Each structure stands twice: as structure tokens, then as C-alpha cells.
Amino acid sequence: MPAIAALRVKSQLMSASEIERTLVRLAHQIVEKNDGIEGLALVGIRRRGVPLAQRLAKLLRQIEKKDIPVGTLDITLYRDDLSTVGAKPVVQKNEIGLDVNDKNVVLVDDVLYTGRTTRAAMDALFDQGRPRRVQLCVLIDRGHRELPIDAAFVGRMVQTTNNEIIEVKLQETDKTEKVLLVERASE
């Protein structure tokens, strides 16, 4: 069994207040680019995309004075690296929780890296129906794309090396709130 590489924190990229300000800006950009929120739905990619989508929905409600549907997407079975995820992946029932047909769907995730998670999310999304348009919103875009995928809404661009990892910590999932740049420690 391969040894798990130790991680070393290089820097904190965002504090809780910076995450909140970034989400406010992203919410305004979503409203502007979509001419409001009519026909719009947010779909969070499990794990950390879900609380981000829920937070964005609250902010959109404050801006537009209307509720916006929020769904959850579990992409476990759609990943092309399934054999590297774990011995036996846990299969979650797809619980997107909303009708995506003819909607403008904003997929929400914490970090955009190779694009493979987004590709898997689009496969899972299209198994649920046919959206009018799909846009991607991410808190952090760290580059190193392997697929031709870009986010329409980006909280922050962070250039990283392949040895570095972005760790997004959210209150809902991690009981703390920050974005860290960590590095695999050399043996």
C-alpha cells in the first residue's frame, strides 16, 4: 500500500470574510450575466460545492427577492478515475432534487483543477434532463486543465504547481472557514 504523503501548509489564501466577500461578488456576477434569476437553478457538486451553492442561493435571494432552486449532484459513479478513488466507492442515490429541463443551470464547486470533476458533473447532470444552458461557478481556479473546461464565474485564480493542493475548508463540512495552499512534503 503506498504511503500517504504528508502535507505542509504553505499559506492561507482566503479567510472566512474573504470567502464571504467573494461569494457576494460571484452572486452579483451570476445575476448580471443571466439578466436576473428567472429560469436559473444552482447545482452544487458534492461535497463542498453543495454548501457553496446554498450560500449563493441565499445571496441571490437577498439581491433579487426571489428563491432559487438548489440541487445536489453526486458524481462518484461518473468519475473517470473511479479505480483511484477508493477500494469500493460509496454509491449515493442521485438526489439532484430539481427539474433541470430547460433551466439555466449553474454548477457550483470549490476548486477547478483538471476539469475532470466538471466533466463528470455534466454527465450526471445530463442524465437528469436537458438544461437550456450550463455555466460553472468555482471559488478557486488553480489551472492545470486536462480538458477544455473553463468556469464562467471564478472567485479567485491561483497559480499552483502540481505538487501543491488547494484545501477549501467550510463551516458546514469542516467546522472551520478558510482556503489553504498546501504542499506535499518531500520524503
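Given the structure is predicted, the values throughout are model-derived calculations rather than measurements.
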(message) Applying a strict under-4.5 Å side-chain criterion to I, L, V, M, F, W and Y, I'd like to know whether Leu112 and Leu125 cluster together.
(response) yes
(message) A side-chain contact here means heavy atoms from C-beta on lying under 4.5 Å apart; do Leu181 and Ile166 qualify?
(response) yes
(request) Can you spot which of Arg55, Gln54, Arg48 makes a side chain to side chain donor-acceptor pair (under 3.5 Å) with Glu172? (result) Arg55
(message) Using only atom types and a distance under 3.5 Å, with no angle test, would you say the side chain of Asp174 pairs donor to acceptor with the backbone of Thr176?
(response) no
(message) Show the nearest heavy-atom pair for residues Leu40 and Ile30, with the distance to one decimal.
(response) CD2-CG2, 3.6 Å
(request) Could you grab the distance from atom NZ of Lys66 to atom CG of Leu60, nearest 0.5 Å is fine? (result) 11.5 Å
(request) Output all residues satisfying side chain to side chain contact (heavy atoms under 4.5 Å, CB included) with Ala152, sequence neighbours left out; order by chain, then residue number. (result) Lys33, Gln135
(message) Assigning hydrophobic clusters by single linkage (Ile, Leu, Val, Met, Phe, Trp, Tyr; side-chain heavy-atom cutoff under 4.5 Å), is Leu139 placed with Val111?
(response) yes
(request) Output the distance between atom CD1 (Ile149) and atom CG (Leu107), rounded to the nearest 0.5 Å. (result) 10.0 Å
(request) Please name the pair of heavy atoms, one in Thr173 and one in Pro51, separated by the smallest distance, quoted to 0.1 Å. (result) CG2-CG, 4.3 Å
(request) Please report the closest heavy-atom contact between Leu98 and Ala41, naming both atoms and the distance. (result) CD1-CB, 4.0 Å
(request) Drop me the distance from Thr76's OG1 to Arg46's CZ, to the nearest 0.5 angstrom. (result) 8.0 Å
(message) Taking side-chain contact (heavy atoms from CB on, under 4.5 Å) as the criterion, tell me which of Asp110, Asp109, Thr118 meets it with Val138.
(response) Asp109
(request) Nearest 0.5 Å please: distance from the OH atom of Tyr113 over to the CG atom of Asn162. (result) 4.5 Å
(message) Please report the interatomic distance CG(Leu42) to CG(Leu52), rounded to the nearest 0.5 Å.
(response) 10.5 Å
(message) Per the side chain to side chain donor-acceptor pair (under 3.5 Å) rule, what does the pair list look like for residues 7-18, sequence neighbours excluded?
(response) Arg8-Glu183, Lys10-Glu164, Ser15-Ser17, Ser15-Glu18
(message) Using a 6.0 Å cut-off, check whether atom CD of Glu32 has over 12 heavy atoms from anything other than its own residue.
(response) no
(request) Without swapping roles, check the side chain of Asn34 against the backbone of Gly36 for a donor-acceptor pair under 3.5 Å. (result) no
(request) Using side chain to side chain contact (heavy atoms under 4.5 Å, CB included) as the criterion, list what pairs up with Val24, not counting sequence neighbours. (result) Glu20, His28, Leu59
(message) If you compare all heavy atoms of Val70 against all heavy atoms of Ala57, which two are closest, and at what distance to 0.1 Å?
(response) CG2-CB, 3.3 Å
(request) Mark yes or no for whether Arg156, through its side chain, and Leu13, through its backbone, hold a donor-acceptor pair below 3.5 Å. (result) yes
(request) Indicate if Val31 and Val43 have the same hydrophobic cluster label, given that clusters are the connected sets of ILVMFWY residues with side-chain heavy-atom separations under 4.5 angstrom. (result) no
(message) Could you measure the distance from the CZ atom of Arg142 to the CD1 atom of Ile165? Nearest 0.5 Å is fine.
(response) 7.0 Å
(request) Provide the closest heavy-atom pair for Arg130 versus Asn101 in the form atom of the first, atom of the second, distance. (result) N-OD1, 2.8 Å
(request) Indicate if Ile45 and Ile140 have the same hydrophobic cluster label, given that clusters are the connected sets of ILVMFWY residues with side-chain heavy-atom separations under 4.5 angstrom. (result) no
(request) Show your working on side-chain contact (heavy atoms from CB on, under 4.5 Å) between Leu56 and Leu23 and close with a plain yes or no. (result) CA-CA 6 Å; Leu56 283 167; Leu23 290 174; 4.1 Å; yes
(message) With clusters defined by side-chain heavy atoms of hydrophobic residues (ILVMFWY) lying less than 4.5 Å apart, directly or transitively, does Ile96 cluster with Ile68?
(response) no
